[in-house]
Amino acid sequence: MLHHIHKWKPLHFLQKFQILAPLSSLIFTKPSASAAKLEDELAAAAAIPNPRNTVSEVITGLGIFGLRKFLGNCYFRTMVSKLNQPEVDLIIESLSLESSDSAFGFFKFLRNECGFRHSRISEFIVVHVLATNRQFQELRSVVKQMVDEEGPGSAPSLCELLLYRFRDWDSSSVVWDMLAFAYSRSEMVHDALSVLAKMKDLNLKVSTSTYNCLLHNLRHTDIMWNVYNEIKDSGTPESDYTTSILIDGLCQQSSVQDAVSFLMDAERTETGPSVVSFNTIMSRFCKLGFVDVAKSFFCVILKYGLVPDSYSYNILIHGLCVAGSLEEALEFTKDMERHGVQPDTVTYNILCKGFHLLGLMSGARKVIQKMLVKGLNPDHVTYTIMICGHCHVGNIDEALKLQKEMISRGFQLSVIVYSVLLSSMCKSGRVEGALRLLYEMEAVGLEPDLITYSILIHGLCKQGDVQRASEIYREMYMKRIIPNYFAHRAILLGLREKGDIYEARKYFDHLTTRAVTEDMVLYNIMMDGYVKLGNVAEAIQLYKQIIEKGLNPSTVTFNTLIHGFCKTGKLVEARRMLDTIELHGLLPSPVTYTTLMNANCEQGNINGMFELLQEMEAKDVEPTHVSYTVVIKGLCRQGKRWDAVHLVEEMYAKGLSPDQITYNTIIKCFCKAQDFEKAFQLHNEMLMHNLAPTPVTYNLLINGLCVYGDLEDADRLLVSLNDSNINLTKVAYTTLIKAHCAKGDVYRAVALFHQMVEKGFEISIRDYSAVINRLCKRCWITEAKYFFCMMLSDGISPDQELCESLRSKDVLGEDRVVLSHRSIKPKVNSSQEKAYRAES
DNA sequence: GTAGGGTTAG
């Protein structure tokens, strides 16, 4: 009944429907009628039986904008929400004859504001209208959405629809071409090819850009050449991109040499090689790590009398940055400007990454400054680089700040950036924050993927929170994201970290006996668990199981066993294991040698340690910073502290970064040698290299001053550390307290003890007995008694050793009263303080 | 359709 509705004139059309007559008269005669009045009219209209047809007819007759103008979105939406797909198809078709704007406008309104799901017919109508009007951007977006929704394998049905419903429509060839392009763009190559086949049957022209896009997707395969032949046969003009894609394809399928000859084969084209083709070649060489070759091609561009464009410069700048030649990259950027090519956002992003790769985040910030001065704004790539850079150096708070800024500027973050943030939060133990980020990403409509979940599961497990890890595990399972070996490993690790070796073994047996996995890492985690508990026998049992099952152990498997043997002092067996590694066709790793070297060092066999170092170097196993730290420890044991210092310099020269343990080792040695000047200088060197000294560093310095230096200096150090809000552990206090007890300033000891308690450290019997034993040893009975009372009032009972110590000085004998008055907490009053001072 | 980002393990 509604066929050819579009031919009807609005007024005529409305008059046919009695019930809507008052409304139509309002619309046409009183444009300023009140909204309330219209609302009543509309309610009446909506109340009629089967109002849908009526409404659709009214809309069609009036034209969408006429009606929408009078009724406003709200009422309009009520009306159109009653429409079904065939009705909408009709309306859109009729509107398309009236004006393309109104058809597309109505289409968008329904889709975006009413959440209406259009039929493919409506979409194709709109697509044809847009094609006729040459609104290519909109055209592309509608076709893309359609193709993405339909998914792979949908081309035949869409082609059929086009063929039978839209055969004689204007712009049909543009629509077909766009369909092929969209399939190609969305990497549905087979669909794109099947559209092209139909187009060939219909004798429709394929555009160069569609061919190029397809070529690009097929550049890894032979089919690329079929498409290229088709381009030539059909007489479709080639563009610079066509050649450059072929060159890129040749690089991957064949060789760079073939690609170069193809490029240089200027006979092929009238214009000769293009800058675009040269850019492609340069990019390839850079990716292969041959920046120098890329540079020489840059010269060839100039030789040909061609002008390098921003791509040419950016490709080379990027190549240089990745190769670590930041300075040359910066120099080349200046060249770029000198030649009148302005560095763009991409250029600055590349430089940012160059700085970030060298760990120079301050440099990266300066690049952004410069970018802003030039009037260029950081884009989502800039933010991503900076966020990842900050995460990489462990500066998560800065990364989070940038993430907020990114959101506030309307940039969408990718799942990967969230994963980077999550991963670095987990690594620094901020799993709670990581979970918050997970909820946040879900709230902004990003779907966490397998990797995101695996990172979280690993983070939670590492903390021993297997419970919550399992919840996440279930959550991902519900979303049909199937956990892989990463999650299995993480959970096994979690159970082990929780200290529940039986539970871990149960899970391990469950995974390995079901034969779902032959993942050696699971064996390694399990074996390492046993070794850590000192149960080397069980680790060996598992190793036997590996061999019996015919599985292939990895170097880590052997390293774990070696570690076990070393730990139990069985260096001969450990050494034998090193040889077994090679029998299995594996190579020992730096960890293998470092473990053995460390064991030799611990046993005082420094020569053995050096022999291993030589063997390691002879076998081209590169020592790591840990290997060097072990050697430094060995040198320190021999008192060769200056050799140790030189070794640190050597590490820097080799590009190895000493860590806190390296410095702590060497600082300890200088303290022992009473060279505090050098010890503190090493501490400053740490700061210079952005290495935050650990509480151990400060404990070493304090202990050094206490034992080998000036106790007052140690006191002053503690005060200044506290003033600077530097994180200290209980050890810093107990060290000083013990020193004061031993050297007689019991008043200082008491004060420090109280300070330690105030800081909220949990005080153990060991801390009390350390103090009391020392006081007893020096016969400061009153003071020993004082601490003893404090301990009792703290609810701590003495152990046997402490009782003996007290009894030997007869402290217990006269103080049975105190034992029965545990709740009385002793207070130090000023007269007592004076007494302590007088005595000391 | 030639340039820039980027996540998980023992």
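Residue numbers start from 1 in every chain, and the chains themselves are labelled A, B, ... in the order their sequence lines are given, proteins ahead of strands. All values reported here derive from a predicted model rather than from experimental measurement.
Scanning for side-chain contact (heavy atoms from CB on, under 4.5 Å) contacts around A:Val143 gives A:Val127, A:Leu139, A:Val147, A:Met178, A:Leu179, A:Ala182, with sequence neighbours left out.
Here the OG atom belonging to A:Ser423 is positioned 12.5 Å from the CD1 atom belonging to A:Ile416, to the nearest 0.5 angstrom. The CD atom of A:Glu328 lies 10.5 Å from the SG atom of A:Cys321; values are rounded to the nearest 0.5 Å.
Within 4.0 Å of A:Ile451, counting heavy atoms only, lies at least one base atom of the nucleic acid. Note on A:Ser239: a base of the nucleic acid sits closer than 4.0 angstrom, heavy atoms only. If you check every strand for non-hydrogen atoms under 4.0 Å, A:Thr280 touches sugar and phosphate atoms only. At a threshold of 4.0 angstrom between heavy atoms, the contacts of A:Arg219 with the nucleic acid are absent. At the heavy-atom level, A:Ser554 lies under 4.0 Å from base atoms of the strands shown. Residue A:Thr242 is out of contact with every strand shown, counting any heavy-atom pair closer than 4.0 Å. A:Val420 comes within 4.0 angstrom of sugar-phosphate atoms only, judged by non-hydrogen atoms across all strands, and of no base.
The base of B:dG4 lies close enough to the side chain of A:Asp379 for a donor and an acceptor atom to sit less than 3.5 Å apart. Residue A:Ser414 places a side-chain atom within donor-acceptor reach of the base of B:dG6, judged by atom type and a 3.5 Å distance cut-off alone.
Using a 4.0 Å cut-off, no side-chain N or O of A:Lys427 falls inside it from OP1 or OP2 of B:dT7. When the side-chain nitrogen and oxygen atoms of A:Lys353 are compared with OP1 and OP2 of B:dG5, one or more of them lie within a distance under 4.0 Å.
A straight line from NE2 of A:His318 to P of B:dG6 spans 8 Å, rounded to a whole angstrom. Rounded to whole angstrom, the span from the CG atom of A:Asn377 across to the P atom of B:dG4 amounts to 21 Å. Computed from coordinates, the A:Phe278 CZ to B:dT2 P distance equals 18 Å when rounded to whole Å. Between the OH atom of A:Tyr311 and the P atom of B:dG1 there is a distance of 11 Å, rounded to whole Å. If you take CG of A:Leu422 and C1' of B:dG6, they are 14 Å apart, rounded to a whole angstrom. To the nearest angstrom, P of B:dG10 lies 13 Å from CD1 of A:Ile455. The CZ atom of A:Phe298 sits 14 Å away from the C1' atom of B:dT2 (whole-angstrom rounding). In this structure, the CG atom of A:Asp177 is 14 Å from the C1' atom of B:dG1, given to the nearest Å.
Side-chain contact check for A:Thr382 and A:Asp379: at least one donor-acceptor pair (N or O, by modelled atom type) lies under 3.5 Å.
Which of B:dG1, B:dG5, B:dT2 sits closest to the side chain of A:Val417 comes down to B:dG5. Taking the side chain of A:Thr345 as heavy atoms from C-beta on, and the options B:dG4, B:dG1, B:dG10, the nearest nucleotide is B:dG4. Comparing B:dG5, B:dT8, B:dT2 by their closest approach to the side chain of A:Ile315 singles out B:dT2. In the set B:dA3, B:dT8, B:dG10, the nucleotide with an atom closest to the side chain of A:Ser454 is B:dT8. Of the candidates B:dT2, B:dA3, B:dG10, the closest approach to any side-chain atom of A:Ser310 belongs to B:dA3. The side chain of A:His380 sits closest to B:dG5 out of B:dA3, B:dG1, B:dG5. When each of B:dG10, B:dG6, B:dT2 is scored by its nearest atom to the side-chain atoms of A:Arg496, the top-ranked nucleotide is B:dG10. In this structure, the nucleotide among B:dT8, B:dG1, B:dA3 sitting nearest to the side chain of A:Asp344 is B:dA3.
Aromatic ring pairs are classed by plane angle as parallel below 30°, tilted from 30° to 60° and perpendicular above 60°; the pair A:Phe411 and A:Tyr383 is tilted.
Taking the ring centroids of A:Phe508 and A:Tyr523, they lie under the 6.0 Å cut-off.
Put simply, the residue from A:Phe278, A:Phe285, A:Phe332, A:Tyr304 that forms a ring-ring contact (aromatic ring centres under 6.0 Å, His included) with A:Phe298 is A:Phe332.
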